[in-house]
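Everything on this sheet refers to the single structure shown next.
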Amino acid sequence: MSQSQPRPARVRFAPSPTGYLHIGGARAALYNFLLARQTGGQFILRIEDTDRKRFVPEAEADFMENLRWLGLEWDEGPDKGGPYGPYRQTERAALYRQYAEQLVDRGHAYYCFCTPERLAKLREEQRRKKLPPRYDGHCRHIPLEEAKARVAAGEPHVVRFKTPREGSITVHDLIRGDITVANKDIDDYILLKSDGLPTYHLAVVVDDHLMRITHVLRGAEWLGTFPLHGHLYRAFGWEEPVWVHLSTFLKPSGKGKISKRDADIFRKDHKSVLVKDLREFGYLPEAVDNWIALMGWSYDDRTEFFTLEDLIEKFSLERLKPSPAAVNFKKLDHFQGLHVRALDPRDLAQRLVPFYHRAGYTQVTAADLEPIVPLIQTRITTLDDAPRLTGFFFEDEVHPDPAELVPKGLTPAQALEVARRALAVLEALPDVKAATTEPPLRALVDELGLHARQVFGLIRVAVTGQRVSPPLFESMEVLGRDKVLARMRQAVALLEALAAQDTAPQGD
RNA sequence: GCCCCCAUCGUCUAGGGGUUAGGACACGGGCCUUUCAAGCCCGCGGCCGGGGUUCGAAUCCCCGUGGGGGCACCA
């Protein structure tokens, strides 16, 4: 055990159900999860669904499904409950109103009756005057009794934070240090919307406090309102968690953030920033975890391969980096390769099954794939490469391009002769085990005075229908004698036709 | 327009007052080789700019510049 005994961390991933889990969210979830597991604490899933306009019904299920796929199981959440529930903010609505009123009563917040129209006009004016858009405090000084009466009378209203007009506030981010902002630059943010639901600012502070969150690891997009959150904690008199703002992800060029447009372009290229896509494209969760873990965090100056277990052991907040990181899909492919090769072949065979089914090989089982896996484990990147590379094993027949049966430097007639000789060698053998077929076929190469690549290349195309395939002798062994011989005979026939056509008198 | 954050090879990063500035991906070359991979070896390539502090700055400070985020009854 390590000599320092960190206190158990209670951390959370708190997505808004307005879209699908993307790598930015997944990374935040991963780091939170790692901290919880490393310290023996709890990892909480909380759904921040207070924006009813942008609500996407299937989003919550997507988060849960893909978080689990990544191996990031939570201890408390909407589906499994816990001592600090409920874990969906819309189910906690009454709570926020109560805390908002508490702030009003203590003079830290006020009711505001301004209409959206008035606010729009105000902002327009400020934009014209090149002033920062900010609430003008119109309702800030309405006597509390009067305001309460209007609220009681049912007048539409919101609750705003009464940001101090003077002075400044200093908040602390673990990896950035102190951040000081003048209060005049902080707006009177809305805490409670007219629909009675809280904004992020109120909800996050109330929930993190009530749920005893010890560390907040969230995206850097919250840096701007971080000072407001500091004010809220102080107004409530609550102890703040440790704050860490995670660096943002940039597009692969490093120039600019990833737009919706960029995301669509990635998908055309079999890449994506959505976890569900990566899963569908045949990436391993191990590879995705490894990849995102290293965008904004490092262990040392050389170690890059990590399993989730490794990460739980080695993760540390101190080694988080504050600077933005460009996503690099080539690096994802690299990690994918490392993890594919690290997999137990039988495990890989099982994971491959759904990809064969999807490719149309619906009868394929893990047992069928076990002899094939060793032939392709170093040759595939994403899992859906496998059926493309090895579909010929499961086809009744293959359809080689006759031209590809002719090795470089040979005429069709010469190729035909090679095919006949190779077929004769194979027919004379008792089986097509690699150890059986390789020596006599190599002998044939010598006898014919050709290069191995010429003869084996011809057989490869004949037997697999492809110019690129797994190693020839092992492939023939898996294919079996009947299919090997049938396909060789087919190749001979194809070459006979080609040779005949080749030697036929040419029209002028 | 205002506020905040960030800055080492193309990209992810290590390091950090005196180093041949280290690793990885990508890229180029070689080895291996029945194709394609994998593996191994070699190479290319970097401290954003300007001031200051200092015997000495890539490292500390300031100012620029560049990039990012925010300035909603969205999160």
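We name chains A, B, ... by the order of the sequence lines, and we start the count at 1 in each one.
Residues satisfying the side-chain contact (heavy atoms from CB on, under 4.5 Å) test with A/Ser253, not counting sequence neighbours, are A/Lys251, A/Lys255. Evaluation of the side-chain contact (heavy atoms from CB on, under 4.5 Å) rule for A/Ser298 yields A/Arg319 as partners, not counting sequence neighbours. Partners of A/Pro132 under the side-chain contact (heavy atoms from CB on, under 4.5 Å) rule, at least two apart in sequence or in another chain, are A/Arg134. Residues passing the salt bridge (charged side-chain N to carboxylate O under 4.0 Å, His left out) test with A/Lys129, sequence neighbours excluded: A/Glu125. For A/Glu286, the side-chain contact (heavy atoms from CB on, under 4.5 Å) test picks out A/Leu284, A/His339, A/Leu343, A/Arg351, with sequence neighbours left out. Here A/Arg27 pairs with nothing under the salt bridge (charged side-chain N to carboxylate O under 4.0 Å, His left out) rule; sequence neighbours left out. For A/Glu240, the salt bridge (charged side-chain N to carboxylate O under 4.0 Å, His left out) partners two or more places apart in sequence, or in a different chain, are A/Arg234. Listed by chain and number, the residues in a salt bridge (charged side-chain N to carboxylate O under 4.0 Å, His left out) with A/Lys330 amount to none (sequence neighbours excluded).
Taking the six-membered ring where tryptophan is involved, the planes of A/Phe161 and A/His231 are tilted, since the angle between them lies from 30° to 60°. Classified by interplanar angle (parallel below 30°, tilted 30° to 60°, perpendicular above 60°), the ring pair A/Phe456/A/Phe473 is perpendicular.
Among the heavy atoms of the strands lying under 4.0 Å from A/Gly256 are primed sugar atoms or P, OP1, OP2 only; no base atom is included. Heavy atoms of A/Arg341 sit under 4.0 angstrom from primed sugar atoms or phosphate atoms, though from no base atom. The residue A/Ser323 sits close only to the backbone: its heavy atoms come under 4.0 Å of sugar-phosphate atoms, none of a base.
Contacts between residues 444-458 of chain A and RNA chain B, defined by a heavy-atom separation below 4.0 Å, involve A/Ala452, A/Arg453, A/Phe456, listed by number.
When the C1' atom is compared between B/C42 and B/C36, the two are found 23 Å apart, to the nearest whole Å. A gap of 24 Å separates the C1' atoms of B/G10 and B/U19, to the nearest Å.
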Which letters describe nucleotides 70-75 of chain B, given B = protein heavy atom under 4.0 Å from base, S = only from sugar-phosphate, - = neither? SBSBBB

In B/S/- notation (B base, S sugar-phosphate only, - none; protein heavy atoms under 4.0 Å), nucleotides 20-30 of chain B written 5' to 3' is --BBBSS----

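Listed by first then second residue, pairs satisfying salt bridge (Lys or Arg N to Asp or Glu O under 4.0 Å) with a partner in residues 295-304 of chain A read A/Glu304-A/Lys331, not counting sequence neighbours.
Applying the Watson-Crick and G-U wobble criteria (two distances, each under 3.5 Å), B/U35 pairs with nothing in any strand.
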